[in-house]
2 protein chains.
Amino acid sequence: MPTIQDVARRAHVSTATVSRVLSTPEVVSEATRERVMAAVEALGYEPNYAAKSLRTLRTAKIVVTVPDISNPFFSSVIRGAEEAAQGAGYSVLLGDTRHSTEREEQYAGMLRRKEADGLIFLGHRLPDTLAELIGRQGAKAPVVNGCEFSPDLGVSSAHIDNAAAATEAMDLLYGLGHRTIGVITGPLASPLSRDRLAGVWTAAARHGAEAGLRIATGDFSVESGEREAESLLAAAKEPTALFCFSDEMAMGALAAARQRGRRCPDDLSLVGFDDIRFARYLEPALTTVSQPMEDLGRTAVALLLDILRGGQDAPRSVTLPHRLVVRGSTGLARR
Amino acid sequence: MPTIQDVARRAHVSTATVSRVLSTPEVVSEATRERVMAAVEALGYEPNYAAKSLRTLRTAKIVVTVPDISNPFFSSVIRGAEEAAQGAGYSVLLGDTRHSTEREEQYAGMLRRKEADGLIFLGHRLPDTLAELIGRQGAKAPVVNGCEFSPDLGVSSAHIDNAAAATEAMDLLYGLGHRTIGVITGPLASPLSRDRLAGVWTAAARHGAEAGLRIATGDFSVESGEREAESLLAAAKEPTALFCFSDEMAMGALAAARQRGRRCPDDLSLVGFDDIRFARYLEPALTTVSQPMEDLGRTAVALLLDILRGGQDAPRSVTLPHRLVVRGSTGLARR
DNA sequence: TAGAGTGATGTAATCGATTTCATAAACGCG
DNA sequence: CGCGTTTATGAAATCGATTACATCACTCTA
């Protein structure tokens, strides 16, 4: 428990000098510097975080809120974010909101209490607290949206071109001869789900195949994928391909197809979204839209740090590249 | 940015009274209380976190360090930890150490700087910083090990009985007639890997089948599972079953088996460990030791909070129940 | 030589909250 | 009524760091 007073006493200097040696050593003479550092080391001194934060008005913390940390997509995004934050001298306060507005508001309150310098939310909903802050500060509000792009929110964001990615996935299926295609979306409250769905319609229109689309709404979970695939595959005009807006849902859909005796890709082609770590180890290996998840996290942090540095006058939107990865789950349409 | 001074001025009381209204309202008269609360609301006042933390010597933060947040086992543990922490008024600082000693030490430094009140590490390695702290404070050091049990570390821990779980998994395989069994362990620096391996040997001895064991060392990743399974399946005396110390490795092993034309469970039975969310959706659905991952996180947090409350005189070890979940990946031995 | 500029350091204020100690008023009991 | 106890509140200290402003010593230039 040594304080700066102990160091100053031991080194026969003032606390201001100790502070300077630690923060701006170039303004302190070498002899003094050495004396101070010897005292610091002898005492094992480290500045008290709260005292420093109170004086400097800086917490060196960012809050990252996420609907579910155990979702493999989000956990990878957070991995990238944590790395970028740490590299820049920031720590990540993790907020698993479990899709709860109340929890979202609680974590947003951290900005107000000066408990964190900035916040990244990995979801589509902007808590009221943050909306007010943005209303007041505009683009200077230290808030970034990760993975979603909602221009009306007035916040910076990092994301892929979800519409184009979905169009590509659908083009692949149409190119394989599929005409009746099931699409399992995420929740349509989410702009990224809506963008992907728009991309689906774009491709369908391009191929004159709108009538063959079968849309079902999932929630990105493996369970909803299974459930919605069951419904789609039970239909009178059964799809020969499924496009799921997450790999998790694709895994659930794959299980449902198997349950009905459908072979993938012979009877049913399957496309996922995300390219989570296990996608290539499935049987068959999953064709999927690959998102640079860790890069999304890193980019979100970079945007936030730029805001904190005063470098942004308007909300910025960074679109990262996606990639359609064709593996064994897609094949020629049979019928 | 109102301060407590603004509230006190507006309510015509001292700052001490404002503080009391917020922290110990029962010692303040109702009339005064109402006046203060009206001022608080009118001004939108919220106490400055750093000032409060500096005075109270409490951060209401715990650090959780994890080797890889995107590993589905760890992300689930962290989910439980975050929930328990939040419920108790604490926030989680996430430290993804990426298996780096240096990062582990950096996060451990948060305790020294009074940047966090306590720390949970989800790994087997105790950073020097923490070892020193424990050397000094013993069981009162606010440090908990999650998922591992190393009695010599002198820290409290939450874990399952890894040896018993492994024994059960092996018993299942022996019961199905398997005699040549491959085991893909985690890194043997880790006590949980060693415990599981001990359990493996216990079962092998019980069945007089030590000679039929084929041990390979993985690192819990899907890639190492694939790689080690390839080696094991390339052996002259090929195992009829594989027991992998994580579901991830089991998925890699499954892919390797398929690559070699082995059918699971007909040619090769497979047992994993963890029961991650996708285990049941694999083909075949994975037989695995189910760990209560979120409960592990919750329990670790409960242990830490107990330490912080001064409630522990000696390191405690909480063993949570595991369960062997038999699914389609295990079947009778063919040869 | 005198004055201006630079480098180095110290004193005291500052950040904003909580809590200790003191004091006054009210209450209850003998 | 007097005294002891309880309730309520305020002033000032405290938490531990940073930094603004002042001062001194030294150097350089006109």
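Any value given below was found using the heavy atoms of this structure, including those in side chains, with hydrogens, waters and symmetry copies removed. In what follows, chains carry the letters A, B, and so on, assigned in the order in which the sequence lines appear, proteins first and then strands, with residues in each chain numbered from 1.
Take the nearest nucleotide of DNA chain C for A16(A) and for E26(A): the residue whose nucleotide is more 5' is E26(A). For the pair T15(A) and R33(B), both in contact range of DNA chain D, the more 5′-proximal nearest nucleotide belongs to R33(B). With the nearest nucleotide of DNA chain D identified for both M1(A) and R20(A), M1(A) has the one nearer the 5' end.
Residues passing the side-chain hydrogen bond (donor to acceptor under 3.5 Å, both in side chains) test with R298(B) are E83(B), E294(B), D295(B), sequence neighbours excluded. For E82(B), the salt bridge (charged side-chain N to carboxylate O under 4.0 Å, His left out) criterion is met by no residue, not counting sequence neighbours.
Counting to the nearest Å, the P atom of dT14(D) and the CD atom of Q5(A) are 12 Å from each other. Note: CG (L54(B)) to P (dA13(D)) measures 17 Å, nearest angstrom.
Sorted by first and then second residue, the side-chain hydrogen bond (donor to acceptor under 3.5 Å, both in side chains) pairs with a member in residues 119-130 of chain A read E104(A)-R125(A), E105(A)-T129(A); sequence neighbours excluded. Applying the side-chain hydrogen bond (donor to acceptor under 3.5 Å, both in side chains) test to every pair with at least one member in residues 130-143 of chain B, sequence neighbours left out, gives no pairs at all.
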Take E115(A) and K52(B) through the test salt bridge (Lys or Arg N to Asp or Glu O under 4.0 Å) and record every step on the way to the result. CA-CA 10 Å; E115(A) 204 171 338; K52(B) 186 168 181 173; over 6 Å; no
Pair L192(A), H159(A) - check side chain to side chain contact (heavy atoms under 4.5 Å, CB included), show working. CA-CA 9 Å; L192(A) 79 79; H159(A) 53 91; over 6 Å; no
Begin with the C-alpha distance, continue with both residues' side-chain angles, and end with the deciding distance and a verdict on side chain to side chain contact (heavy atoms under 4.5 Å, CB included) for Q106(A) and Q86(B). CA-CA 10 Å; Q106(A) 274 179 28; Q86(B) 218 223 356; 2.6 Å; yes
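Using a 4.0 Å heavy-atom cutoff across all strands shown, T17(A) reaches sugar-phosphate atoms only and no base atom. Within 4.0 Å (heavy atoms only), S23(B) reaches no atom of the nucleic acid at all. Here S29(A) lies in heavy-atom contact (under 4.0 Å) with sugar-phosphate atoms only. S53(B) comes within contact range of no nucleotide atom at all, as no heavy-atom separation falls under 4.0 Å.
End-to-end axis angle for the helix from dT1(C)-dA30(D) to dG30(C)-dC1(D), using five pairs per end and rounding to 10°, comes out at 40°.
Under the 3.5 Å distance criterion, the side-chain polar atoms of S156(A) are left unmatched by any main-chain donor or acceptor of P315(A).
Between the side chains of S100(A) and T97(A), no donor-acceptor pair is found at a separation under 3.5 Å.
You can see that DNA chain C meets the heavy atoms of chain A within a 4.0 Å-exclusive cut from dA8(C) to dG16(C), reading 5' to 3'.
Here the side chain of A51(A) is nearest to one of dG10(D), dA17(D), dC21(D), namely dA17(D).
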